[in-house]
Amino acid sequence: MESYENLTELGWTAAFEASFDSLDFPDIWPARVVREDRGHFRLISEEGPQSGKITGIFRHHAQSVADYPAVGDWVAATSTDRDGLVRIHAVLSRFSAFTRKHARLENQAQVVAANVNTVVLVSGLDNDYNLRRMERYLTLAYESGAVPVILLNKTDLCDDLESRLAEVAAIAPGVPLHACSAQNEEGFEVLMHYAKPGQTLAFLGSSGVGKSTLINRLLGYDRQKVGAVRESDLKGRHTTTHRELIRLPEGGMVIDTPGMRELQLWADEKGLQNSFADIAELAAACRFRDCQHQQEPGCAVRSALEKGELDPVRFESYAKQRTELHELKERLTYGAAGAERRKWKEVSKIQKNFKKRWKK
């Protein structure tokens, strides 16, 4: 069985130790989730690799699926039972979490990757290239708490790399920007700067952008399955079907994720303001604090649009995301209020039944 001298190599920090020490479970040890598959978890710790599942008490007290362990999480585990699985009692406090709207559950969040130091947003320089999608990824990346990095892959398919770099830099000021060709093994080495021992990367991007190929290059061998891109539309197939934490030879770790064709936002104004910092700066100069940037007098954003100082397509992207986030907030507020009403209705029903029995 593979074992490790210490947890630091796996990303263990003083903050995780403090979170672990606050728990009151007997005979627990810390472990990190490297893979999740339909409620079963692959863990790694000082004891080596193990398989586990959450306890019934954990499941009962979880408020939503976002509370369940995700790839990259640190958990508190105990020894195996008769089924040979360790028991997961708690998830330690996360310092970052890349979260999106759950694909199937209404008003539920899904944690794609947890405790990530750097989120590498990968875009292809073929038909996948889409500035508006990059802006959505940036909003979620800033919301996650991880540091975003943009990587433009497939430089071998791009005839005007400089203009592409300039376009991306314009929508992501201050965000590290790199270009490479994973296929031709050119430029990917820069990623090793972010994959230092104890550090965790997460590769995010749509299917076919080359995430698995990039990971194979970092590993030095073909571990991840790589699929062909269709000639008809240059769209990739989902060669990665699950999220997984992978250790790199130099000591860092990387999380590979399945391609996401639909990226529904799960964030608040903080992530939006960071990804559209230029518009947020203009909005701060509006006459009214709650300016909607429509027909209000003294709107600095509208003024910038009229003067040609702000790209109307970028503002449209901002407005679309802002509307989407407001609608999400309203749905969550309404859902919480409805749950509260249902709870007190049930309490009232119990009280009425009790009074009837008492009178008898």
Side-chain angles (χ1 to χ4, degrees), residues 98 112-113 116-142 144 146-195 199-219 224 226-231 233-240 248 252 254-263 271 274-278 311 313-314 317 321:
F98 190 91
V112 177
V116 173
N117 300 96
T118 305
V119 177
V120 182
L121 308 177
V122 186
S123 174
L125 286 165
D126 49 10
N127 281 8
D128 179 77
Y129 180 80
N130 187 313
L131 292 175
R132 308 288 76 87
R133 187 191 301 124
M134 290 184 205
E135 289 169 338
R136 293 177 72 82
Y137 271 117
L138 277 170
T139 296
L140 292 184
Y142 278 120
S144 75
V147 176
V149 171
I150 296 177
L151 180 67
L152 301 181
N153 188 25
K154 305 184 182 181
T155 55
D156 52 296
L157 300 179
C158 182
D159 295 327
D160 193 2
L161 179 59
E162 292 302 319
S163 65
R164 289 286 187 255
L165 290 171
E167 289 173 348
V168 176
I171 68 163
V175 177
L177 172 62
H178 307 289
C180 73
S181 171
Q183 184 67 30
N184 293 348
E185 301 187 33
E186 297 174 351
F188 71 91
E189 301 89 347
V190 68
L191 295 175
M192 296 308 301
H193 172 73
Y194 305 100
Q199 297 286 298
T200 302
L201 304 177
F203 281 79
L204 297 165
S206 54
S207 182
V209 298
K211 300 187 300 295
S212 295
T213 302
L214 284 165
I215 291 176
N216 287 340
R217 295 290 180 260
L218 293 175
L219 289 170
Q224 301 297 92
V226 177
V229 173
R230 293 194 297 265
E231 291 292 338
D233 57 6
L234 293 181
K235 295 292 184 181
R237 298 179 177 87
H238 290 284
T239 54
T240 298
L248 297 174
V254 61
I255 297 177
D256 191 14
T257 62
M260 292 182 282
R261 297 194 189 280
E262 183 180 6
L263 186 63
N274 285 326
S275 59
F276 291 90
D278 52 341
D311 182 359
V313 178
R314 177 163 170 78
S317 177
Q321 288 194 38

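Scope of the values below: all heavy atoms of this structure, side chains included, with no hydrogens, waters or symmetry mates. We're numbering straight along the sequence, starting at 1.
- Remark: N274 engages no residue in a side chain to side chain donor-acceptor pair (under 3.5 Å) (not counting sequence neighbours).
- Annotation: side chain to side chain donor-acceptor pair (under 3.5 Å) contacts of T200 (sequence neighbours excluded): R32.
- Residues forming a side chain to side chain donor-acceptor pair (under 3.5 Å) with D160 (at least two apart in sequence, or on another chain): S163.
- When all heavy atoms are compared, the tightest approach of A146 to V116 is CB-O, 3.3 Å.
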Under 3.5 Å, which donor-acceptor pairs link side chains of residues 171-178 to any protein atom two or more places apart or in another chain?
unit_1 : atom_1 : unit_2 : atom_2 : d
H178   : NE2    : Y194   : OH     : 2.8

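- The salt bridge (Lys or Arg N to Asp or Glu O under 4.0 Å) search around R164 returns E167, not counting sequence neighbours.
- Under the side chain to side chain donor-acceptor pair (under 3.5 Å) criterion, S275 pairs with T139, not counting sequence neighbours.
- Two residues are said to be in side-chain contact when any heavy atoms from C-beta on lie closer than 4.5 Å; T155 and L161 meet this criterion.
- Under the side chain to side chain contact (heavy atoms under 4.5 Å, CB included) criterion, S123 pairs with D128, Y129, M134, L152, not counting sequence neighbours.
- A donor-acceptor pair under 3.5 Å links the side-chain atoms of K211 to the main chain of G205, judged by distance alone.
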For residues 180-191, dump all side-chain donor-acceptor pairs below 3.5 Å to protein atoms at least two apart in sequence or in another chain.
unit_1 : atom_1 : unit_2 : atom_2 : d
S181   : OG     : D156   : OD1    : 2.8
S181   : OG     : N184   : N      : 3.2
E189   : OE1    : G187   : N      : 3.3

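- Not one N or O on the side chain of N117 forms a donor-acceptor pair closer than 3.5 Å with the backbone of Q199.
- Not counting sequence neighbours, the partners of F276 by the ring pair (Phe, Tyr, Trp, His ring centres under 6.0 Å) test are Y318.
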